[in-house]
Amino acid sequence: MSRPAAGSIVLVDWRGGALPAEPSKLRPAVVVEDDGLFPDAYPNTLVVPLTRDQGLVYPSFSERIDPTPENGASQTCWALAHHVSSVSVKRVTQTPSRITHDQLDNIRRRIALAVGCGR
C-alpha cells in the first residue's frame, strides 16, 4: 500500500493510550506531509485531526472545511493545525476524500505559525 497523499482525508485510530485533551478515538484527519518527503517504507505520516467540536477550535490555527462531494464531509468541520501529529501508517485507513490545494496550503501556513515559523 502506498503512503496517503498530501491533502487526503484519512481515518486515524487514536484509541488507546491517549491522555485527557488528546485525540482518543477513530477520527478523520488530513495528511499534511509533503508527497515524496518520506519513502513508502517510512512507518509514520504527518496529519492534523478534523473536528466538529467548536470548543477545540482556535481560530488562528484552524481551517474551516465545509462539506463538498470531494471531501465527503456531512457537516462543517475544522482542521486543527495546532494538533499536527506524526502517526503510524498502521493506524491510518485511506479514503477517497480530500481537501482542496488552497485548504492544504492554509493548514500548512497555520502549522508554521503554531510552531513559531510564521512570524
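Here, residue 1 is the first one in the sequence, and each next residue gets the next number. What you see is a predicted model, and the numbers here were worked out from it, not measured in a lab.
- Between the side chain of Arg108 and the main chain of Val32, a donor-acceptor pair closer than 3.5 Å is present.
- Between the Gln94 side chain and the Ser2 main chain, a donor and an acceptor come within less than 3.5 Å of each other.
- The closest side-chain donor-acceptor pair between Asn71 and Ser97, if any, does not fall under 3.5 angstrom.
- Here Gln103 pairs with Thr100 under the side chain to side chain donor-acceptor pair (under 3.5 Å) rule; sequence neighbours left out.
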Test side chain to side chain contact (heavy atoms under 4.5 Å, CB included) applied to Val84 and Val48, step by step: CA-CA 5 Å; Val84 63; Val48 298; 3.9 Å; yes

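- Leu46 and Val12 fall into different hydrophobic clusters, where Ile, Leu, Val, Met, Phe, Trp and Tyr are joined by side-chain heavy atoms under 4.5 Å apart, directly or via other members.
- Atoms CH2 and CG, on Trp78 and Leu50 in that order, are 11.0 Å from each other to the nearest 0.5 Å.
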Working for side chain to side chain contact (heavy atoms under 4.5 Å, CB included), residues Ile107 and Ile99: CA-CA 10 Å; Ile107 293 167; Ile99 60 171; 3.6 Å; yes

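- Once rounded to the nearest 0.5 Å, the distance linking NZ of Lys90 with OG1 of Thr45 reads 14.5 Å.
- Val10 and Val30 are assigned to two separate hydrophobic clusters, defined by single-linkage of ILVMFWY side chains at heavy-atom distances under 4.5 Å.
- Put simply, CG on Leu80 and CZ on Arg27 are 7.5 Å apart, with the number rounded to the nearest 0.5 Å.
- Judged by distance alone, with hydrogens and angles left aside, the side-chain atoms of Arg52 form no donor-acceptor pair with the main-chain N or O of Cys77 at under 3.5 Å.
- Formation of a donor-acceptor pair under 3.5 Å by the Ser85 side chain with backbone atoms of His83 is found in this model.
- The closest side-chain heavy-atom distance from Pro67 to Thr76 is below 4.5 Å.
- Atom CD1 of residue Ile111 and atom CG of residue Asn106 lie 11.0 Å apart, to the nearest 0.5 angstrom.
- With rounding to the nearest 0.5 Å, the separation of NE2 in His82 from CG in Leu113 is 11.5 Å.
- Side chain of Arg64 to main chain of Ala79: no donor-acceptor pair is present (N/O by atom type, distance under 3.5 Å, no hydrogens or angles).
- Alongside Tyr42, the hydrophobic cluster contains Leu37, Phe38 (criterion: ILVMFWY side chains under 4.5 Å).
- In this structure, the side chain of Arg3 engages the main chain of Asn44 through a donor-acceptor pair within 3.5 Å.
- Note: Asp105 CG to Arg110 CZ = 12.0 Å, rounded to the nearest 0.5 Å.
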N/O donor-acceptor pairs under 3.5 Å from side chains in residues 55-62, not counting sequence neighbours:
residue, atom, partner, partner atom, Å
Ser62, OG, Tyr58, N, 3.3
Ser62, OG, Tyr58, O, 3.0

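- For the pair Val92 and Val31, the minimum side-chain heavy-atom distance is 4.5 Å or more.
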